[in-house]
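Scroll down for the structure; my scribbles are underneath it.
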Amino acid sequence: MSLQQLSSQKVFGGHQVRYQHESAVLNCTMQFAVYLPPQVELGQPLPVLYWLSGLTCTDENFMQKAGALKVAAELGLVIVAPDTSPRGAGVPDDPEGAWDFGLGAGFYVNATQAPWAEHYQMYDYVTAELPALIEKNLPVSDKRSISGHSMGGHGALIAALREPERYQSVSAFAPICQPTQCPWGEKALSNYLGSLRETWVEWDASALMAQATQHRPMLIDQGDADNFLVEQLKPAALEDAAARAQYPLTLRMQPGYDHSYYFIASFIDEHLRFHAQALSAAQ
C-alpha cells in the first residue's frame with residue numbers, strides 16, 4: 001500500500017500532514033492525518049499515539065481543535081488521527097441521513113451485517129491495517145498508545161482491552177463506556193452486528209473490562225456538565241467493572257466541563273504526557 005500526500009503544514013517545528021491511501025480492509029479510499037514532530041529529523045523512530053475521534057468527525061477535527069501539537073512537539077510524539085468511518089462512492093450511509101450512524105459513525109467495530117460488512121471493518125483498520133501502513137512508510141517505532149473522544153473513546157478502550165499487547169497505554173475523553181446499554185450504541189451495534197445482543201458484548205468496554213487479565217495504564221476524563229453523561233456515556237459502569245477486575249483505572253470527573261473540544265483542549269496536555277511516560281518506559 002502506498003501513501004499519497006494531500007497536504008502539509010509546518011507547525012511547532014514539525015509538520016501536520018494529511019495522506020490518502022487505498023484500504024484493503026475497508027474496500028475504499030481513506031484519508032488520515034499525522035503530526036510528525038521535529039524530532040523525526042534526528043533519525044530515530046518515534047512512538048505513536050493513535051487518536052480516534054467521535055461521531056460526525058473526520059481526521060481533521062482533532063488536529064485543528066484539540067491544541068495538542070505544541071506538547072506533542074516537545075515530547076517527540078507522533079499523533080495519527082484516522083477518519084471515523086469508510087467513505088466514498090458505494091459506501092452505505094444511514095438511509096434516513098442520521099448523524100449518529102453510517103458515514104462518520106463507524107463505531108470502531110467490524111460489521112457482520114449487510115450492507116455494512118463490505119466496508120465497515122473499522123476495528124481491523126485502526127488496530128491493524130493503519131498501524132502497519134504507518135510503520136512501513138513513516139519514521140515511527142512499533143511502540144503505540146491510543147486515545148479518543150466519545151465514540152472514539154469507546155474505540156480506544158475496546159482496542160486496548162481486546163488487544164493490550166498492541167498498546168502501552170490508553171486514555172479517553174467522555175467515552176461511551178457501555179454501548180450495549182445506551183441509544184447510540186444500541187443503534188450502531190444492532191445495525192452493524194445484528195439483533196443478537198450476545199454478539200455485542202465483545203465491543204462493550206465495561207464488559208471487556210470485567211474480564212480483563214492484562215492491564216495497561218488507563219486515564220479517563222469526563223465532564224460533569226456533559227449533556228450525554230447519563231443517557232449515553234455511563235462511566236460508572238466502567239468504574240464498577242474496573243473495581244471488580246482490579247484494573248488500574250484513573251477516572252476523573254471534571255466539574256463544569258461539557259462534551260466539546262473545549263473540554264479536550266483543557267486536558268489534552270496531561271493525556272499526552274501520560275502516554276509519553278508509558279511509551280518512554282517501553283523503549
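In what follows, residues are counted from 1 in the order of the sequence shown.
With hydrogens and angles disregarded, no donor-acceptor distance shorter than 3.5 Å links the side chain of Gln254 to the backbone of Asp221. No donor-acceptor pair closer than 3.5 Å links the side chain of Gln222 to the backbone N or O of Leu229. With hydrogens and angles disregarded, no donor-acceptor distance shorter than 3.5 Å links the side chain of Gln214 to the backbone of Glu165. Under a 3.5 Å cut-off, the side chain of Tyr108 and the backbone N or O of Leu52 do not form any donor-acceptor pair. Remark: the backbone N or O of Pro47 is not paired with any side-chain donor or acceptor of Arg144 at under 3.5 angstrom. A donor-acceptor pair under 3.5 Å links the side-chain atoms of Ser260 to the main chain of Tyr262, judged by distance alone.
For His119, there are no ring-ring contact (aromatic ring centres under 6.0 Å, His included) partners at least two apart in sequence or on another chain. When the ring-ring contact (aromatic ring centres under 6.0 Å, His included) test is applied to Phe274, no partner is found at least two apart in sequence or on another chain. Under the ring-ring contact (aromatic ring centres under 6.0 Å, His included) criterion, Tyr257 pairs with Phe263, Phe267, sequence neighbours left out.
With contacts defined as side-chain heavy-atom distances shorter than 4.5 Å, the pair Phe32/Gln20 does not qualify. Taking the side chain as every heavy atom from C-beta outward, Glu231 and Pro183 approach each other to under 4.5 Å.
Checked against Ile158 for a side-chain contact (heavy atoms from CB on, under 4.5 Å), the options Val170, Leu208, Thr127, Ile176 give a single hit: Leu208.
Looking at Lys65 and Glu60, no side-chain N of the basic residue comes within less than 4.0 Å of a carboxylate O on the acidic one, giving no salt bridge. With respect to Glu74 and Arg273, a salt bridge is recorded, a charged nitrogen being found less than 4.0 Å from a carboxylate O.
Side-chain polar atoms of Asn137 and His21 form no donor-acceptor pair below 3.5 angstrom. Gln168 and Arg216 are not linked by any side-chain donor-acceptor pair at a separation below 3.5 angstrom, with hydrogens and angles left out of the test. Judged by distance alone, the side chains of Asp204 and Thr180 do bring a donor and an acceptor atom under 3.5 Å apart.
The environment of CD in Gln44 is sparse: at most 12 heavy-atom neighbours from other residues, nucleotides or ligands sit within 6.0 Å.
Under the 4.5 Å side-chain contact rule for hydrophobic residues, Trp203 and Val25 share a cluster.
Looking at every heavy atom in both residues, His275 comes nearest to Ser145 through ND1-CB, 3.4 Å.
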